[in-house]
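Accompanying notes for the structure given below.
When reading the values below, keep in mind they use all heavy atoms of this one structure, side chains included, and skip hydrogens, waters and symmetry mates.
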Amino acid sequence: MAMDSQPIFDFEKEFDRARWYRSDLDTGTGWTKRCDKPGEFILWSKTFPDSEFPIVCLYEFRNMPMPYEKCADVIASNDMETRKDWDKVFEGLTCPAVYPDGAFTYYIARKMPWPISDRDWILHRAPFKKIEWFGKSALMLATQDISSTSTFVPPKKCVRASNGGNFTVVMPGDENPETTSRCFGSSSNTFNGWLPSSGIEWLVAKGSAGSFYEFRQSIISGYNKYFKE
């Protein structure tokens with residue numbers, strides 16, 4: 001099967017969006033802290049009623065025990081064979097296309113708690129780019145949904161979720177910037193299919209908190225096993 005054409009991606013637009021979310025979070029207006037593991041992880045959620053993707057979760061990984069460039073390498077890895085070993089959050093990891101600039105498309109599935117059906121996504125991930133993040137040097141990665149254009153046939157049957165464009169900003173840690181790192185990122189999805197009629201933000205935030213903390217631990221495991229020099 002021929003490889004799909006590389007999706008058009010507007011990095012500056014995503015960068016502006018990431019900065020807007022950081023600034024909006026700092027106001028505290030409408031954001032609810034859903035999980036706080038001191039020194040490790042924190043997650044907030046907010047509903048934007050007029051948005052196509054109304055529920056947004058923002059999170060921070062703190063005190064990641066690796067240099068920030070290495071943390072970015074682990075997060076952005078398209079080696080799905082090793083990723084299947086260390087990434088304990090997603091299933092069915094497949095990379096249908098890798099492009100000359102390092103961007104790639106990938107498929108992931110996520111088990112959902114009963115009685116909600118499992119969900120899956122087909123996404124395009126742009127390469128990390130160097131940015132200045134509120135006065136600090138950092139790297140930013142952004143993801144876009146390509147379900148409507150991809151010709152990839154999923155390996156398992158799930159309800160197709162839609163992604164509103166996630167981003168991850170990786171920067172040096174605060175206390176030991178040479179050896180630790182910190183991440184700030186977003187998650188916004190429309191899960192489609194059947195969902196409970198109320199309490200959706202709470203449900204999504206609860207699931208996201210568990211998933212992203214598990215992903216934090218997976219990144220550390222992946223670094224120690226495959227990326228540590």
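- The side-chain tip of Arg62 does not point at the ring of Phe41 from less than 6.0 angstrom away and within 45° of straight on.
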Which atom pairs, one a donor and one an acceptor, fall under 3.5 Å between side chains of residues 128-140 and the rest of the protein, sequence neighbours left out?
{"unit_1": "Lys136", "atom_1": "NZ", "unit_2": "Asp174", "atom_2": "OD1", "d": "2.8"}

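- Here the side chains of Phe191 and Ile200 are not in contact, with every heavy-atom distance at 4.5 Å or above.
- In summary, the side chains of Tyr223 and Asp73 do not present any donor paired with an acceptor at a separation below 3.5 Å, with no hydrogens or angles considered.
- Sorted by first then second residue, the salt bridge (Lys or Arg N to Asp or Glu O under 4.0 Å) pairs that include residues 141-150, not counting sequence neighbours, number zero.
- No donor-acceptor distance shorter than 3.5 angstrom exists from the side chain of Asn176 to the backbone of Glu178, with no hydrogens or angles considered.
- Residues satisfying the ring pair (Phe, Tyr, Trp, His ring centres under 6.0 Å) criterion with Phe104, sequence neighbours excluded, are Tyr106.
- The pair Asp118-Lys157 fails the salt-bridge criterion, with no side-chain N (NZ, NE, NH1 or NH2) lying under 4.0 Å from an Asp/Glu carboxylate O.
- Applying the salt bridge (charged side-chain N to carboxylate O under 4.0 Å, His left out) test to Lys88 and every residue at least two apart in sequence or in another chain returns nothing.
- Scored by the ring pair (Phe, Tyr, Trp, His ring centres under 6.0 Å) test, Phe212 finds Tyr59 as partners (sequence neighbours excluded).
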Expected list for residues 48-56: side-chain donor-acceptor pairs under 3.5 angstrom, two or more places apart:
{"unit_1": "Ser51", "atom_1": "OG", "unit_2": "Phe53", "atom_2": "N", "d": "3.0"}
{"unit_1": "Ser51", "atom_1": "OG", "unit_2": "Phe53", "atom_2": "O", "d": "3.2"}

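- The only option from Thr180, Val170, Val169 that meets the side-chain contact (heavy atoms from CB on, under 4.5 Å) definition with Tyr68 turns out to be Val170.
- The pair Arg110-Glu91 does not meet the salt-bridge criterion, since no charged nitrogen lies less than 4.0 angstrom from a carboxylate oxygen.
- A salt bridge is absent between Arg19 and Glu14; no separation between the charged side-chain nitrogens and carboxylate oxygens falls under 4.0 Å.
- Classified by interplanar angle (parallel below 30°, tilted 30° to 60°, perpendicular above 60°), the ring pair Phe61/Phe215 is tilted.
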